[in-house]
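First listed ligand is number 1; within each ligand, the first listed atom is number 1. Predicted model only: the values in this text are computed from it and were never measured.
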Amino acid sequence: MAKEPRPAAELSIWEDAQQMIEKARRDGVETVWDRFEQQTPSCKFCELGLTCKNCNMGPCRISFKEDGKMKRGVCGADGDVIVARNFGRFVAGGSAGHSDHGRDLIEVLEAIVEGEAPDYSIADEAKLLRVSAERGIAVEKREVMDVARDLVESCFSDFGSRRKELGFIGRVPEVRKEIWRKLKVMPRGVDREIAEMMHRTHMGCDNDAISTMLHSARTALADGWGGSMIGTELSDIIFGVPKPVKSTVSLGVLKEKEVNILVHGHNPVVSEMVLAAAGSPEMLELARQAGAEGINIGGLCCTGNELLGRQGIPMAGNHLMTELAIVTGAVEAVVVDYQCIMPSMVQAAACYHTKFITTADKARFTGATHISFNPATAGAQAREIVEMAIEAYGRRDQSRVEIPGKPVDIVAGFSNEALLEMLGGSLEPLLDAIKDGSIRGVVAIVGCNNPKFQHDSQNVGLAKELLKRDILVLVTGCVTTAAGKAGLLVPEGIELAGPGLKKICSALNIPPVLHFGSCVDNSRVIQLCGLIADALGVDICDLPVWGASPEWYSEKAVAIGVYCVASGIPVQLGTPPQITGSKLVTDLALTGLEDVFGASFMVEPDFMKAVEIMDARISQKRLALGLSA
Ligand code: XCC
Ligand code: SF4
């Protein structure tokens, strides 16, 4: 029997979402919440991580025998090994996603150097030289393109098997590197660690749960300090370093009388070109001829974050808003690259006049319009995409359009460079604020939405509660939209902050929550932690900092969590990964890693309880540094 649909107010804290959930029901569009109902309760074995299908003697699932002993898989693997192997592959999946994205930027930089990407250029030569010099490339008295060519080679070699340590490892405090060397988790090559994880988890290889878990750390570190960091740094070099920029957020950013194009996914390579094309007089004229007043580019998920931080585009929504954006009936085209794009968007788009356009050959969607995007022909292809959207505008049924909510003001785009500039060129003012307790600690809230929670309830609740306690909050990924809609990404947001944070933020005229970019940009957060630790002469695990991903869903989010913990940053998760079938692995994640890396995971679905634990640890770390609690 079909279950009664739950009231929209229970599903999301936002009115724009609730209104569109109801419209989706009227329009007969199935959403993530409908499918979540169909899929729950989930399979217990899978939830516990106790299923294995790594070979064809199985599949196997592990339960307990009558004598209380754990059954084993056909090959003899026990529950601990199976859980660790599944977790290892989960981390490898996330690391592969971020890192393959990073590699795509190396390829674009290479095409620029070779003169094969005429529509792209190097936006920040100073950063190119700075990053190259840091990686040991000669920069003095050389042509910019020659340096760039060497940087391309240097970054590519981080993906291979010949390095002992990755090129950005100089950003890690010496004490931390010693821990990694001692444990043999120093990341060597991005592809190498991912491939080795696949190898280790083949039947008959790494059959020691702890050993597999340590390689998870190595794999994730290769993501954070390797693949993701390359993604961030090369995006900055090609498209510019984010600087504080005013923008707006919510479904209300869609415009009733304009051609609305949403860019979705993760990589800025396509969407930057679409934005540029949409601003051209030629396209604007075409739009006018079609009866529209203009062309409006809005962001979803991390592609949105990339363009928000650098170009100030408005954000239409985060992960659980992506289908709902189409339900407005006001979207002419959704242009996607890869990751976090619900396959259901094809069906949702088909219920309206919306064109769903894929651009990456590695992310094809049956039923979508595919443009095989190539840096060599980017400009022309971007114009083709915009033309399709303009054409779709002519087919829009205005009687089905309903744009909920109003745009909410935000300030976004806080890179480390921007932060330093704001502080007058040195970290000292920030360190002083931490030392005198005006800023008691820093928490990066990262990542996604998950229908297991009322949409954004945890993301927003956690952020607000931390601010009150003079804890500075950084947000990346889908938490950006949540914090923005809650009014936390504007300087006026300090009304919710504690007295110390209020004083600092009003002096600098910044919001109490700083937008630090997309999910690959969590590399900025770990780099910042490295800088602060070095400045204080301590290890990262000595700092009063946390990572948090209350509503995480993806493999990438877990990869981020693991590289944070292995870097010494404890991480709160709202729901556990599928590991709880193994006491050994669960204990390791929750406490054991503390002894190894000086940080571990905390799983707490109630943000109020999570804040108490985070706050207590921040106090403890402050006292250990000789500061007030
Ligand atoms: Fe999560 Fe990354 Fe995806 Fe949003 S987009 S749902 S991984 S927060 Ni990056
Ligand atoms: Fe079963 Fe072992 Fe094969 Fe996994 S690897 S499916 S536990 S026999």
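The protein heavy-atom contact nearest to atom 2 (Fe) of ligand 1 is Cys519 SG, 2.2 Å. When only non-hydrogen protein atoms are considered, atom 3 (Fe) of ligand 1 lies nearest to Cys340 SG, 2.2 Å. The nearest protein atom to atom 3 (Fe) of ligand 2, hydrogens excluded, is given as Cys55 SG, 2.3 Å; this is a heavy-atom distance. Here the heavy atom of the protein found nearest to atom 2 (Fe) of ligand 2 is Cys75 SG, 2.3 Å. With hydrogens left out, the protein atom closest to atom 1 (Fe) of ligand 2 is Cys60 SG, 2.3 Å, a heavy atom. Protein heavy atom nearest atom 4 (Fe) of ligand 2, with residue, atom name and distance: Cys52 SG, 2.3 Å. The protein non-hydrogen atom at the shortest distance from atom 4 (Fe) of ligand 1 is Cys478 SG, 2.3 Å.
Residue contacts with ligand 1, taken as heavy atom pairs separated by less than 4.0 Å, do not involve Trp552 at all. With a heavy-atom cut-off of 4.0 Å, His266 touches ligand 1 through its side chain alone.
Residue contacts with ligand 2: Arg85 is included, with a non-hydrogen atom under 4.0 Å away. Residue contacts with ligand 1: Ser554 is included, with a non-hydrogen atom under 4.0 Å away. Residue contact check for ligand 1: Ala557 places no non-hydrogen atom closer than 4.0 Å to it.
The Cys448 neighbourhood of ligand 1 comprises atoms 1 (Fe), 6 (S), 7 (S), 8 (S), with distances under 4.0 Å to a heavy atom of that residue. Near Gly447, meaning under 4.0 Å from one of its heavy atoms, ligand 1 places the atoms 8 (S). Near Lys556, meaning under 4.0 Å from one of its heavy atoms, ligand 1 places the atoms 7 (S). Each of the following atoms of ligand 1 lies closer than 4.0 Å to a heavy atom of Cys301: 5 (S).
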Legend entry - Asp206/His199 under side-chain contact (heavy atoms from CB on, under 4.5 Å): CA gap, chis, key distance, verdict: CA-CA 8 Å; Asp206 203 11; His199 177 192; over 6 Å; no

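Distance alone, capped at 3.5 Å, is enough to place a donor-acceptor pair between the Asp34 side chain and the Thr31 backbone. Using a distance-only test at 3.5 Å, with no hydrogens or angles considered, a donor-acceptor pair links the side chain of Glu551 to the main chain of Ser457.
For the side-chain contact (heavy atoms from CB on, under 4.5 Å) test with Leu320, the passing option among Leu11, Asn449, Thr481, Asp456 is Asn449; the others fail.
Between Arg171 and Glu233 there is a salt bridge, since a side-chain N of the basic residue sits under 4.0 Å from a carboxylate O of the acidic one. Salt-bridge formation is not detected for the pair Arg103/Glu107: no Lys NZ or Arg NE/NH1/NH2 atom is positioned less than 4.0 Å from an Asp or Glu carboxylate oxygen. For the pair Arg310 and Asp236, the salt-bridge criterion is met [side-chain N within less than 4.0 Å of a carboxylate O]. Salt bridge Lys485/Asp16: present, at least one basic N to carboxylate O contact under 4.0 Å.
Looking at Thr369 and Lys355, their side chains do bring a donor and an acceptor atom within 3.5 Å of each other.
Not a single N, O or S atom of His319, from either the backbone or the side chain, sits less than 2.8 Å from atom 3 (Fe) of ligand 1. Among the atoms of Cys302, an N, O or S atom falls under 2.8 Å of atom 9 (Ni) of ligand 1.
From Ser523, atom OG reaches atom CZ of Phe516 across 10.0 Å, with rounding to the nearest 0.5 Å.
Heavy-atom minimum distance, Cys340 versus Tyr553: SG-OH, 3.0 Å.
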